[in-house]
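Report on the following structure.
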Amino acid sequence: METAPLKVLFVCKGNHARSIMAESIMRRLAGDKFMVFSAGSQPQPEISPFVARLLKSLNHDMAGLHPKSWNEFAQPGSPELDFVFTLSETAANAVPPAWPGNPMAALWTLPDPATVEGEDVQKALAFADAYRMLNNRISIFSSLPLSTLQGMALQHRLDAIGKDMGRRDDAA
């Protein structure tokens, strides 16, 4: 595996909540080790206001964050991806474009906070919970010894991050 910068794409359906948070978290945690992107199978016109508020309150750099189609990452001249993490069942069930670079892929689904109904406080808590889950997963991923893991061993670790973290999160 290359040393740096490794190219990571987070995908979900709307690219206005989970994948935007993941992109922002990874940018902060990974520094120059990764180039990070996000996209959606059916991108929304703008970032969720709950996500924008949450990221700003946590002092994330919002520069360049905006919803975009995953087709943008399958065009000629697109970055050759090393990893693609799918965060939603909808995106997981859609047929993705052919990603350049033959990336390793893993399914890291988590509940969509944008579907939570109720008062704004309940909605904000759902977004904060999604942020926490993503932060945990991305922290684990970014601390993996990627230079020593290859092939099936690396794939197993990537899959386990989504599965194991999902079980813990569901139990909470």
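Computation of the quantities below employed the complete heavy-atom set of this structure, encompassing side-chain atoms and omitting hydrogens, waters and symmetry-equivalent molecules.
- The two atoms that bring Gln44 and Pro67 nearest to each other are O-CB, 3.1 Å, heavy atoms only.
- In this structure, Leu54 and Met21 approach most closely via the heavy-atom pair CD2-SD, 4.0 Å.
- By the neighbour-count criterion of 12 heavy atoms within 6.0 Å, atom NE2 of His156 is sparsely surrounded, having that number or fewer from other residues, nucleotides or ligands.
- A donor-acceptor pair under 3.5 Å is formed between the side chain of Ser88 and the backbone N or O of Lys13.
- A salt bridge does not link Lys123 with Glu119: every distance from a Lys NZ or Arg NE/NH1/NH2 to an Asp or Glu carboxylate oxygen is 4.0 Å or more.
- The distance between the ring centers of Phe73 and Phe37 falls below 6.0 angstrom.
- The closest side-chain heavy-atom distance from Leu29 to Ser139 is below 4.5 Å.
- With rounding to the nearest 0.5 angstrom, the CD atom of Glu23 is 10.0 Å from the CG atom of Leu55.
- Scanning all heavy atoms of the two residues, the minimum distance from Ser41 to Pro43 falls at C-CD, 3.7 Å.
- A chain of hydrophobic side-chain contacts below 4.5 Å, direct or via other Ile, Leu, Val, Met, Phe, Trp or Tyr residues, connects Leu110 to Ile140.
- Interatomic distance, Glu80 CD to Asp82 CG, rounded to the nearest 0.5 Å: 8.5 Å.
- Separation of atoms CG (Asp129) and CG (Leu134) is listed at 10.0 Å; rounding is to 0.5 Å.
- Contact record, Ala39 with Ser19: O-OG, 3.9 Å, taken as the closest heavy-atom pair.
- The CD1 atom of Ile47 sits 4.5 Å away from the CD1 atom of Ile20 when rounded to the nearest 0.5 Å.
- Shown are Phe85, Trp70, Phe83; of these, the ring pair (Phe, Tyr, Trp, His ring centres under 6.0 Å) with Phe10 is made only by Phe85.
- Under a hydrophobic-cluster definition in which Ile, Leu, Val, Met, Phe, Trp and Tyr are linked whenever side-chain heavy atoms come within less than 4.5 Å, directly or via other members, Leu9 and Leu65 are assigned to different clusters.
- A pairwise comparison of heavy atoms in Ala130 and Pro113 identifies CB-CG, 3.9 Å as the closest pair.
- Inspection of the Asp159 and Gln155 side chains reveals an N or O donor paired with an N or O acceptor under 3.5 Å.
- Using modelled atom types and a 3.5 Å distance limit, the side chains of Ser48 and His16 yield no donor-acceptor pair.
- For Ser78 (side chain) and Glu72 (main-chain N/O), a donor-acceptor pair under 3.5 Å exists by modelled atom type.
- When atom types are taken as modelled, the side chain of Asn15 and the backbone of Lys68 share a donor-acceptor pair closer than 3.5 angstrom.
- Between Phe34 and Phe141, the gap from one ring centroid to the other is short of 6.0 Å.
- For the pair Met35 and Leu6, the minimum side-chain heavy-atom distance is 4.5 Å or more.
- A distance of 11.5 Å separates CZ of Arg132 from CG of Leu125, quoted to the nearest 0.5 Å.
- For Ser142 (side chain) and Ile138 (main-chain N/O), a donor-acceptor pair under 3.5 Å exists by modelled atom type.
- Between Asp112 and Arg18 a salt bridge is recorded (basic side-chain N to carboxylate O distance below 4.0 Å).
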Please test Leu107 against Leu87 for side-chain contact (heavy atoms from CB on, under 4.5 Å), starting from the C-alpha separation and ending with a verdict. CA-CA 6 Å; Leu107 187 59; Leu87 306 177; over 6 Å; no

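- Minimum interatomic distance between Ala17 and Val51 (heavy atoms only, all atoms of both residues): CA-CG2, 3.5 Å.
- Remark: Ile25 CD1 to Met133 CE distance equals 10.5 Å, nearest 0.5 Å.
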For side-chain contact (heavy atoms from CB on, under 4.5 Å), just list the numbers for Asn59 and Arg28, CA-CA rounded to whole Å, side-chain angles, deciding distance to a tenth of an Å, and then say yes or no. CA-CA 10 Å; Asn59 297 314; Arg28 176 185 273 178; 3.9 Å; yes

Do Leu144 and Arg157 pass the side-chain contact (heavy atoms from CB on, under 4.5 Å) test, and can you show the C-alpha distance, the side-chain angles, and the key distance before you say yes or no? CA-CA 9 Å; Leu144 287 175; Arg157 289 277 189 95; 3.2 Å; yes

